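From a predicted model like this one, the values you see are computed outputs, not experimental measurements. Note on naming: letters A, B, ... go to the chains in the order of the sequence lines (proteins, then strands), and numbering restarts at 1 for each one.
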Protein chains: 2
Amino acid sequence: MNPTGQPVGNKNSDQPYQSHLATKADLVTSHTETRAGFLALALEKNRQATPFITQARALKAVALPLARPANLLDLPNIQAALVAAAGISNKAAGHLDAATKEQAVRDFIANFLDVAGADWVDELVYRFLITRGDTIGGSMRNIGGAIAQRTLTRNIIATLSLANVPFEWRHAKTKKWLTGSSSDPDIEFQTNALSWTNAQGPRTLRYNYSPAIVGKNIDLCLLACAAQDFDTAVLDGSLYVALGELKGGIDPAGADEHWKTARTALLRIRDAFSRLNLAPASVFVGAAIVSGMADEIWTQLGNGTLTNAANLTDDNQLASVCRWIIDL
Amino acid sequence: MNPTGQPVGNKNSDQPYQSHLATKADLVTSHTETRAGFLALALEKNRQATPFITQARALKAVALPLARPANLLDLPNIQAALVAAAGISNKAAGHLDAATKEQAVRDFIANFLDVAGADWVDELVYRFLITRGDTIGGSMRNIGGAIAQRTLTRNIIATLSLANVPFEWRHAKTKKWLTGSSSDPDIEFQTNALSWTNAQGPRTLRYNYSPAIVGKNIDLCLLACAAQDFDTAVLDGSLYVALGELKGGIDPAGADEHWKTARTALLRIRDAFSRLNLAPASVFVGAAIVSGMADEIWTQLGNGTLTNAANLTDDNQLASVCRWIIDL
DNA sequence: TACACTCGAGTTA
DNA sequence: ATAACTCGAGTGT
C-alpha cells in the first residue's frame, strides 16, 4: 500500500512472472546455454553408443567366418540385427509382420551384401550401425526430456529445503511415497511426484499424468491434495491448482515447433477445465526459447492465458517459478 | 433442389468435406497404409545410406595406416568425420566454435580410441556411422515431407488434367513459371507453385510460403491471383482463398504430436486473418490420422473452424480435396 | 542469417 | 494393444 491506501502499481504488477521477467527478451535462451546444451548432449550420446559398438563388433565376429552373406539367415541370434541392417528401425519393425521383415532381409542381402564382394561383412556391420545411430538418436531425445524433468525436480526440492518445508516423493517404479531428504541426490532420478504442505494446504505435484478431465498427458499437474489422496483428488477438477508444459529441448530450431505443440496442449487443458467452469493456473517452462515464441508467451502472460513461464536454462527464472509452485 | 423448391439437406450437407467423409472414422489411417509407409521408408533409407557407407570405407582406409589414433589430427581432410565420430552432429557443430570441436575430438581420441587397443580403427569408423545414422534419419524426415508434397501435387495436376484445365507451374530452383503438361512426371519434383483459372478467376497455389500477414511458413497457400501477380497479391489478405497444413508423416505415434503443431499453425493463420476481418478457407491433409485427433478434426469441420480435411493415404479423399481446391 | 519448417527415432502410462 | 509423450537429426527461405 502507498500512503493513499491504494494498491501499489498497475493491475499486473503482482503477476508471478513479473518476479523474474521484466521483458519478453528475458525469456530468450542465451547462445552460451545453447552451446553448453549441445555439447553435453554429444558427450552423453557417446556413452549411449558404447553398447551398440559392442554389438557391432559381435556382429562382425559372427559374420566373418561365414562363406556367403546368405548364411546369415541361418543364425537365429542375429535376426534382429539383420532387420536393423536392412534399414528397418525397431519402430518400423513393430508395424511389419515376420514375413515382410524376412523378405526385407533377403532383399537386403541380395541388393547390398551379395554385391559388396569380399567386404560384405563391413557392409553389413556399417548398415547395422547406420540404423542404430538413429536408434541412439531416438533414445537421446528421451534422455533430454528426462534430464529436464530432473532439473526441475532438483530445483523444487532445493526450494522446499531452503524454505524448510518437509516433503514426500513418489518412487516411480514402486509407486511408494517416501520421506524426502534434501541430501539424497537420487530422488530426482527416481521420482514422478512430490508432495508438501503450504499455507493453503497440502499440495501434490505429479509429472506426466493424464487426468481423465483432459484425456491427454500433462507434464506438470499440481493438485490441492495430500500424497495419499491423489488418486481420488484427480477426479475433482476443483482440486487442480496448476498445470504446465515442460520442454527440455535445447535446439533453437525446434523451439517454435515444440512451443506450437505446447500451445495446443495448454489449449486442450484450458478447454477441458473451462467446460467445468474452472481455470487453474498454467505454466510453460522451456529450455529453448526464441524471439518469436517469446512474443507469444509474453502475450499469453499479459492476457492471463498463461499464468507463469520461465526459461529452464536461467537459474533465477527457474528458482522464481519453483518458489511460485511450492507456495501456490 | 427438391420438388418443394427448398435446398436439399441440412445446413451442413454441402460442406466440402462431406463429399468424401461420412464419419470421423473415415479420417483414420488404415494399418495397411501405415505398414506400406514404413516399408517404403526403409527402402529409401537404404538408398540414402550408401554414400555414408562409402565415406566409412574411406575413413577406414585413411586411418588403417596410422600408427596411433592421435595421428588422425594431422589429416585435414577427415576433421569433419572426426567431429562426427566424436558424437557431434552437423547441427550441433553449427553451434560450437572450432576450439570446442577440436577439444571434443581430442577427448574422443583419448577416451574411446586410445583405449580401444588394436581395434581402434573400427571404433572410429563405427562411431562415425552412429552419428551418420542420425544424419540419415534427419534427411529421411525431410524426404518424407517432400514425398507428401509431391503426392499432393501429382493429384492436383491429375485433377486439373482430368478437367481439361490448363495450368502453369513454378520451377522452385529457377523461379520461372512454365506451361504445365499432364504427361511430364518431373513437375512434381521441381515445382513449388501451380496456377490455373477456374470459374471464379485465376488461382495460384504456393507451397511452403510465409505471408507477411501471418509471419510463419504455411504449407499450402491458395490465392485468387494469376501466377505473375503472386508477389503483389500476397500483400492483400482478401486474395487468400484457402490455407492449409499438409502432414506427410506415416507414424501413428507422431500423429497427435504433429496435429498439435498443425492446430497451432492453423490457429495462427486464423488469428492473423481475423485481425483483418477475413476468414479464408482452411484445410488439413495428413497421412497419419489416429482416432483422438480425428475427433478434433471432425469437431473443427463441424463448427467451421476447419473447412476441409483428408487423409493423404486415401485416394478418394485426396481426389475430393483436389477437386475442391481447383474449383475454390 | 535467423527463423521455422520436415517427421520418426525412441519412450512410457 | 493403444495412445500420446520425449526432442533434435536434417531441410529451405
For [X], report the nucleic acid contact type (base, sugar-phosphate, nothing); a contact means any heavy atom under 4.0 Å.
X      : result
B:L41  : sugar-phosphate
A:S210 : nothing
A:G145 : sugar-phosphate

Does a side-chain heavy-atom distance below 4.5 Å link A:D271 with A:L267? yes
For A:I218 and B:I136, take the nucleotide of DNA chain D holding the closest heavy atom to each; which residue's nucleotide lies nearer the 5' end? A:I218
Judged by each residue's nearest nucleotide on DNA chain D, which is more toward the 5′ side, B:S89 or A:N217?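 With A:N217 and B:S89 compared, the 5'-side residue is A:N217.
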Where the side chain of [X] is defined as all heavy atoms beyond and including C-beta, which of [options] is the nearest nucleotide?
X      : options               : value
B:N142 : D:dT11, D:dG8, D:dA4  : D:dT11
A:N192 : C:dA13, D:dT13, C:dA9 : C:dA13
B:R132 : C:dT6, D:dG10, D:dC7  : D:dG10

Provide the full list of side-chain hydrogen bond (donor to acceptor under 3.5 Å, both in side chains) pairs with a residue in residues 35-50 of chain A, sequence neighbours left out, each pair given once.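 Every pair satisfying side-chain hydrogen bond (donor to acceptor under 3.5 Å, both in side chains) with a residue in residues 35-50 of chain A: A:E44-A:R47, A:E44-A:Q48, A:T50-B:R127.
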Strictly under 6.0 Å, is that where the ring centroids of B:F230 and B:Y209 end up?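 Yes, close enough.
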Residues A:W259 and A:E296: side-chain donor-acceptor under 3.5 angstrom: yes
Donor-acceptor pair under 3.5 Å: do we get one between A:K91's side chain and the base of C:dA9? yes
Less than 3.5 Å between a donor and an acceptor, one on the side chain of B:E257 and one on the base of D:dC7, is that the case here?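 Indeed, a donor on one side and an acceptor on the other fall under 3.5 Å apart.
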